[in-house]
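For reference, the structure is listed below as structure tokens.
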Amino acid sequence: MSLVGALPFLKPRLSPSVSPGRQRRHTLPASEFRPLNTQDAISVFEIEKEAFISVSGDCPLHLDEVRHFLMLCPELSMGWFEEGRLVAFIIGSQWDQDRLTLDALTLHKPKGSTVHIHVLAVHRTFRQQGKGPILMWRYLQYLRCLPYVRRAVLMCEDFLVPFYQKSGFKVQGRCSITVASLTFTEMQYPVRGHALMRRNSLGCKPPLL
């Protein structure tokens, strides 16, 4: 699978105070969006632990599961880096059923047309700055450029439903998955409805090389 068409949503954003021609070769981009890899796994898990354990008592993905998905489908992840430091991330995988089941928590279904978003987390230092919604917006734009993706789904606790509704997700109903005493709402975002945008958007055309 080629990611060339989606590159505009992943390439770095340069600091407005420094022109590209003046940047030294060793200078890190001020802000960069890129797929994650297994070398990012520890940084991902540290952010995830701090964000979730104090609230829910557990993480959506444990470290071995983070590595598992970043090895199988790194193209369905997105990290936001500032000066080389991971500040926020999303990890997803493909799914092939209408609703989420327990298998969706650990399996990647390469023939599926649904992207299951396992986790979105922001480093504590960078919260309350709007980074979560911005990253989700970029991720959904990126998914529109992947021809096999028809929708994105996620499960969340009830207090997070308004947050995801602001990003365009719709409630599907109660999720069949429970974790200990926690219950979840299942939500979906219809990527398929943007097929025309995929064909016509400049963002989905390969960059000039």
Side-chain angles (χ1 to χ4, degrees), residues 1 6 35-36 38 40-41 44-45 47-49 51-79 88-122 132-133 135-195 198:
M1 179 191 65
L36 299 166
T38 53
D40 300 311
V44 164
F45 189 58
I47 294 173
E48 186 189 12
K49 276 196 309 181
F52 285 91
I53 288 183
S54 62
V55 177
S56 304
D58 200 0
C59 294
L61 297 175
H62 294 159
L63 181 56
D64 59 335
E65 294 167 331
V66 170
R67 290 193 173 112
H68 170 73
F69 286 118
L70 294 186
M71 183 169 57
L72 288 179
C73 47
E75 72 281 359
L76 295 179
S77 67
M78 182 178 286
F89 68 88
I90 291 174
I91 293 179
S93 64
Q94 281 170 258
W95 183 240
D96 61 357
Q97 297 181 32
D98 289 337
R99 300 295 296 266
L100 295 174
T101 68
L102 275 174
D103 284 345
L105 302 183
T106 56
L107 298 182
H108 168 58
K109 299 284 191 174
K111 294 183 179 179
S113 60
T114 294
V115 170
H116 172 206
I117 298 174
H118 293 271
V119 57
L120 160 65
V122 179
L135 180 60
M136 179 61 79
W137 181 87
R138 290 189 74 104
Y139 186 76
L140 294 173
Q141 300 303 310
Y142 168 69
L143 292 184
R144 291 174 182 175
C145 297
L146 303 181
Y148 58 86
V149 177
R150 293 295 175 263
R151 65 184 186 127
V153 300
L154 56 82
M155 53 185 247
C156 66
E157 293 182 70
D158 291 348
F159 74 92
L160 286 171
V161 167
F163 172 84
Y164 289 111
Q165 285 177 323
K166 290 178 182 178
S167 293
F169 284 82
K170 305 295 184 185
V171 172
Q172 274 196 291
R174 300 306 298 173
C175 185
S176 64
I177 301 169
T178 59
V179 178
S181 61
L182 296 178
T183 60
F184 304 94
T185 296
E186 193 167 329
M187 306 186 74
Q188 72 168 347
Y189 179 90
V191 176
R192 184 177 185 177
H194 301 284
R198 272 202 296 269

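The figures here come from the full heavy-atom set of this structure, side chains too, leaving out hydrogens, waters and symmetry mates. This structure is a prediction, so every number in the text was calculated from the model and none was measured.
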Sidechain-backbone polar pair: Q94 side chain, H108 backbone, donor-acceptor under 3.5 Å: no
For the student: nearest non-hydrogen atoms of A41 and L63, plus distance: O-CD1, 3.8 Å
Salt-bridge contact D58-K49 (side-chain N to carboxylate O under 4.0 Å): no
Side chain to side chain contact (heavy atoms under 4.5 Å, CB included) between F45 and C59, worked out: CA-CA 9 Å; F45 189 58; C59 294; 4.1 Å; yes
P60 vs E48 side-chain heavy atoms within contact, under 4.5 Å: yes
Basic-acidic side-chain contact under 4.0 Å: R99, E186: yes
Aromatic ring pairing Y164/F169, orientation class (parallel under 30°, perpendicular over 60°, tilted between): perpendicular
Under 3.5 Å donor-acceptor, T38 side chain and L70 backbone: no
Interatomic spacing from NE2 in H68 to CD1 in I91 - rounded to 0.5 Å: 11.0 Å
Contact check, side chains of W95 and T101, non-hydrogen atoms, under 4.5 Å: yes
4.5 Å side-chain heavy-atom contact, F69 and S93: yes
For the student: nearest non-hydrogen atoms of F52 and A121, plus distance: CE1-CB, 4.1 Å
I117 and V153, any side-chain heavy atoms less than 4.5 Å apart: no
pair V171-Q165: side-chain heavy atoms closer than 4.5 Å: yes
Residue pair M78, L36: steps toward the side chain to side chain contact (heavy atoms under 4.5 Å, CB included) verdict: CA-CA 6 Å; M78 182 178 286; L36 299 166; over 6 Å; no
Minimum-distance pair of heavy atoms, taken over all atoms of P190 and R151: CA-CB, 4.3 Å
Minimum side-chain heavy-atom gap I90-V119 below 4.5 Å: no
For R150 against P147, the heavy-atom pair lying closest together: NH1-O, 2.6 Å
M187 vs Q172, side chain to side chain contact (heavy atoms under 4.5 Å, CB included): CA-CA, chis, key distance, verdict: CA-CA 5 Å; M187 306 186 74; Q172 274 196 291; over 6 Å; no
Test applied, side-chain contact (heavy atoms from CB on, under 4.5 Å); reference residue, M155; option that passes from L182, L105, L160, T185: L105
Shortest non-hydrogen contact between A152 and L140, atoms and distance: CB-CD2, 4.3 Å
Check: L154 main-chain N/O paired with H116 side-chain donor or acceptor under 3.5 Å: no
Separation between CD of E75 and OH of Y142, rounded to the nearest 0.5 Å: 6.0 Å
Y139 side chain to L76 backbone, donor-acceptor under 3.5 Å: yes
Option from I47, D40, V66 for which side-chain contact (heavy atoms from CB on, under 4.5 Å) with F89 holds: I47
Side chains of F163 and P133 in contact at under 4.5 Å (non-hydrogen atoms): yes
Side-chain heavy atoms of T114 within contact of D96, under 4.5 Å: no
T183 side-chain N/O to C175 backbone N/O, donor-acceptor pair under 3.5 Å: no
Stepwise side chain to side chain contact (heavy atoms under 4.5 Å, CB included) check, Q188 with L100: CA-CA 11 Å; Q188 72 168 347; L100 295 174; over 6 Å; no
Minimal non-hydrogen separation, H118 against A104, with atom names: CE1-O, 3.1 Å
